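For reference, positions follow the sequence shown, starting with 1. The structure displayed is predicted, hence computed values, not measured ones.
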Amino acid sequence: MKNLIIIFAFLLLILFISCNENSNLVNTNNSGKVLLKIDRQNAPQGIVLIKATLSRPGFSSIVATMNFLSDTSADLVLNNIPEGTWRLKVDALNDSMVVVYRGETDVNIIAGMVTQINLVLQPTGMGLGSIRIFVTWGIQQSNLNWVDNPTNPVLTNGNNYFDFYGVAQPVLLYEQGKYKMWYYGDQGNAKKHVLYAESIDGTNWIK
């Protein structure tokens, strides 16, 4: 009886090992395709290469590329993909081979079927950008000596809740034909706020 138990346990062990060894095997005939439609006409300037990569744990990655400078087709096809769920990553590279756009999604491959993918690539923040600078010309003024207004201070505390106990530390900017002032308003109980006022002549202010 003991020998029968040992033999039975040994058979179970062989069956378990056999199932584990075959669990990740995929019939190569059970494969599908992925078709990527590339919008070449509206592609950002500087893109020279599209690289599509399918990955899945336990499988070798499948890679396909499209060269914008030499390829004429707008389709990128990945063939002989074992059925199942794969992770698709599409990179758009510039002429320095830096990934400047990228998109990722899960793809369910069905045997004998062509899976068509619509994927939006987002900027990666890599590569080079540009800055556009607009220069305007002002009129040089002379005799810009500061003269205190005889009715100083021109801006005082008021009935406003935020500056009831006083105003202080103004910072001024003259822009677009008017004076702009940022200043502290004392609310009391050690509470202060940054407030704002405007003036056309520098004397009469609107908070």
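Scanning all heavy atoms of the two residues, the minimum distance from E83 to A111 falls at OE1-CB, 3.5 Å. A pairwise comparison of heavy atoms in G177 and I200 identifies O-CD1, 4.2 Å as the closest pair. When all heavy atoms are compared, the tightest approach of V90 to I50 is CG1-CG2, 3.9 Å. Nearest heavy atoms, S199 versus N204: OG-O, 2.7 Å. For L78 against A64, the heavy-atom pair with the smallest separation is CG-CB, 3.8 Å. For the pair W86 and I62, the tightest heavy-atom approach, listed with the atom from each and the gap, is CH2-CD1, 4.1 Å.
Counting heavy atoms from C-beta on, the side chains of L36 and L88 come closer than 4.5 Å.
The cluster map of Ile, Leu, Val, Met, Phe, Trp and Tyr, joined by side-chain heavy atoms under 4.5 Å apart, puts Y184 and Y179 in different clusters. M97 and V99 fall within the same hydrophobic cluster, defined by Ile, Leu, Val, Met, Phe, Trp and Tyr side-chain heavy atoms under 4.5 Å apart, directly or through other members. At a threshold of 4.5 Å between side-chain heavy atoms, the hydrophobic network of Ile, Leu, Val, Met, Phe, Trp and Tyr places W205 and Y174 in one connected group. In the hydrophobic clustering of ILVMFWY residues, with side-chain heavy atoms under 4.5 Å counting as a link, V107 and F59 come out together. In the hydrophobic clustering of this structure, L155 groups with L172; members are Ile, Leu, Val, Met, Phe, Trp, Tyr whose side-chain heavy atoms approach within less than 4.5 Å, directly or through other members.
Annotation: the span from D201 atom CG to K178 atom NZ amounts to 13.5 Å, rounded to 0.5 Å. One distance of note links OH of Y196 with NZ of K207; it measures 14.5 Å at 0.5 Å rounding. For the atom pair S61 OG and K89 NZ, the distance stands at 8.5 Å (nearest 0.5 Å). The line from CD1 of I47 to CE of M66 is 13.0 Å long, rounded to the nearest 0.5 Å. The line from CG of L54 to CD1 of I109 is 6.0 Å long, rounded to the nearest 0.5 Å. From D91, atom CG reaches atom OG1 of T53 across 6.5 Å, with rounding to the nearest 0.5 Å.
In this structure a side-chain-to-backbone donor-acceptor pair under 3.5 Å is missing from T115 to V34.
Around the CG atom of L69, the shell of radius 6.0 Å holds more than 12 heavy atoms that belong to other residues, nucleotides or ligands.
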* To do: Would you check, one step at a time, whether the test side chain to side chain contact (heavy atoms under 4.5 Å, CB included) holds for K51 with V63?
  => CA-CA 7 Å; K51 179 180 178 182; V63 180; 3.9 Å; yes

